[in-house]
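To start, the structure under review is shown below, and the notes come after it.
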Amino acid sequence: MIADRPTTADRIRQVGVTVSEVACVFGTLVGTGVIGTRVAESSGGSLSAEATHLAPAGPAFSIWSVIYLGLLAYTVWQWLPSQATSPRHRAIGWLVAASMLLNAAWLLVTQVNLIAVSVGVIIALLAVLVATNGRLLRHAPSGTPDAVITDGTLGLYLGWVTVATCANVAAALGAHGWRPTGLLADVLAVAVLAVAALVGVGLARWARGGAGPGRWGIALALAWGLAWIAVGRTASDPHSLPAAIAAGLGALVVLGSTWAAGRGIDRHPDGLRPDGRKGAPVTSRP
C-alpha cells in the first residue's frame, strides 16, 4: 500500500533525481555547444554524422530534445504529492538519476577526446536503462499521464541509446584506426544493423506486458535511429546502399514487431496474458 506521507528516503530520492536533472542540463549545454564543443565536432569529429557507416544523419539527434523534455517532466512529476510515495518511483528513481548522470558524463568525456571511455559510459547507461524499464514492467502506471511521462520517456531513452551505442562503438573503433572500407565495411554494417533490429524485436516482445507508451517509445526511437542511418548512408559520406537498405528494413521490422506484440495483448481482453496465463501482465507492488 502507498504510504500517506513521504519518508525521509522518499525526499532524498526526489532531491537526488532533481540534482541529477540539473547535471544533465549542464551536460546538454556543453554537448550542444552553448558552453562547450558540439558533440559532432568533439573527439576529432569521430562522432559526426559522416564518421562511420553506423552514424545517423544529423537531424536524428533532435530526438534528444524530446527525451530531455521528458526527463524534465519526470523530475517535476515525481515531486507531486500523488507520486511522492509511489512504489514505481521508489523502484526507479535512483536508476533514472543514474541515467542522467551517465548522460552528462558521456557528454563531458567526449569533450576531452576520451572516446574509448565514452564507450564504457554509454554501455553503462544502456544497462541502467534496461534495468529501469524492467522495473517499470513490474509496476503499473497510476494513469495515462504517468504512462506517458514515465514509461514513454524512458522507453524513448532506451530505444535511442540502443542505436547510439552501436554508433558510439563504431566511432571509437574508427578513432583508433580501424576503418574498414569497401565490401568489408558494408558487410559489417549490415550485420550490426541486423542485430540492432533483432534487439528491437526482442525489446518489443519483452516490453509488451508494460504500458503502451513505453513499448512504443522503445520502438519509435529505435526505428527513428535506424531510419536516419539509412538517410545518412544515401545522402552523405560514407555512401553505402547495403547499409541503407538494412537500416530501413530494420526500422520497419522493429515497428511491425511492436504492432504485432500490441495486437497480441489486445486479443486477450478477458484478462489472459499473451502467454496464456491468467492475471494482468503488470503488477504494482512495493
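- A heavy-atom distance below 4.5 Å is not found between the side chains of H139 and I92.
- When the side chains of ILVMFWY residues are joined at heavy-atom separations under 4.5 Å, either directly or via intervening members, V161 and F61 end up in a single hydrophobic cluster.
- Between W106 atom CH2 and L47 atom CG the span is 5.0 Å, to the nearest 0.5 Å.
- Every ring-ring contact (aromatic ring centres under 6.0 Å, His included) that W228 has, sequence neighbours left out, goes to W224.
- Under the side-chain contact (heavy atoms from CB on, under 4.5 Å) criterion, P180 pairs with W178, L184, A185, L188, sequence neighbours left out.
- Using a 4.5 Å heavy-atom threshold, the side chains of L173 and T52 count as separate.
- Not counting sequence neighbours, V76 has no partner by the side-chain contact (heavy atoms from CB on, under 4.5 Å) test.
- Across all non-hydrogen atoms, the minimal contact from I218 to A207 is CD1-CB, 4.1 Å.
- Heavy-atom minimum distance, G58 versus A49: N-CB, 3.7 Å.
- Q83 pairs in a side-chain hydrogen bond (donor to acceptor under 3.5 Å, both in side chains) with only one of the listed residues (H89, R88, Q78), which is H89.
- Scored by the side-chain hydrogen bond (donor to acceptor under 3.5 Å, both in side chains) test, S240 finds D186 as partners (sequence neighbours excluded).
- Distance check, rounded to the nearest 0.5 Å: OG1 of T165 to CG of L125 gives 7.0 Å.
- Rounding to the nearest 0.5 Å places CG of L126 at 11.0 Å from OH of Y157.
- With hydrogens and angles ignored, the 3.5 Å screen pairs no side-chain donor or acceptor of T150 with any backbone N or O of A147.
- The main-chain N or O of A91 is found under 3.5 Å from a side-chain atom of R135 such that the two form a donor-acceptor pair.
- Using a 4.5 Å heavy-atom threshold, the side chains of W94 and V128 count as separate.
- In summary, the side chains of D10 and T7 do present a donor paired with an acceptor at a separation below 3.5 Å, with no hydrogens or angles considered.
- Here the side chains of Y74 and E21 are not in contact, with every heavy-atom distance at 4.5 Å or above.
- Residues P56 and G225 approach most closely at CB-O, 4.2 Å, considering heavy atoms.
- With sequence neighbours excluded, the residues satisfying side-chain hydrogen bond (donor to acceptor under 3.5 Å, both in side chains) with Q14 are R11.
- Between the CD1 atom in I245 and the CG atom in L193 there is a gap of 11.5 Å [rounded to 0.5 Å].
- Annotation for H176: atom NE2 does not count as buried by contact number, only 12 or fewer foreign heavy atoms lying within 6.0 Å.
- The side-chain contact (heavy atoms from CB on, under 4.5 Å) test with I115 is passed by exactly one of N168, T110, V109: N168.
- V253 and V199 are members of different hydrophobic clusters when ILVMFWY side chains are connected at heavy-atom separations under 4.5 Å.
- Counting heavy atoms from C-beta on, the side chains of V112 and L108 never come closer than 4.5 Å.
- Linking ILVMFWY residues whenever their side-chain heavy atoms come closer than 4.5 Å, directly or via other members, leaves L226 and V190 in distinct clusters.
- Of all non-hydrogen atoms in G31 and L107, the two that sit nearest each other are CA-CD2, 4.0 Å.
- With rounding to the nearest 0.5 angstrom, the NE2 atom of H53 is 15.0 Å from the SG atom of C166.
- Cluster annotation: I67 and L72 are assigned to distinct hydrophobic clusters (Ile/Leu/Val/Met/Phe/Trp/Tyr, side-chain heavy-atom contacts under 4.5 Å, transitive).
- Between P141 and D151, some side-chain heavy-atom pair lies under the 4.5 Å cut-off.
- Around CZ of F26, the count of heavy atoms belonging to other residues, nucleotides or ligands within 6.0 Å does not exceed 12.
- Between E50 and S236 the shortest heavy-atom distance is OE2-CB, 3.6 Å.
- Remark: W64 engages no residue in a side-chain hydrogen bond (donor to acceptor under 3.5 Å, both in side chains) (not counting sequence neighbours).
- Taking 4.5 Å as the limit, some side-chain heavy atom of W216 sits within range of a side-chain heavy atom of L255.
- R233 places a side-chain N or O within 3.5 Å of a backbone atom of A55 that can act as its donor or acceptor partner.
- Under a hydrophobic clustering in which Ile, Leu, Val, Met, Phe, Trp and Tyr are joined whenever their side-chain heavy atoms come within less than 4.5 Å, directly or via other members, L154 and W206 fall into the same cluster.
- Remark: side-chain polar atoms of T234 are paired, donor with acceptor, to backbone N or O of V231 under 3.5 angstrom.
- The shortest distance between side-chain heavy atoms of L222 and T258 does not fall below 4.5 Å.
- In plain terms, the two heavy atoms of Y68 and C24 that are nearest each other are CE2-SG, 3.7 Å.
- Rounded to the nearest 0.5 Å, atoms CG (D146) and CG (L136) are 8.5 Å apart.
- At least one donor-acceptor pair under 3.5 Å links the side chain of N133 to the backbone N or O of L129.
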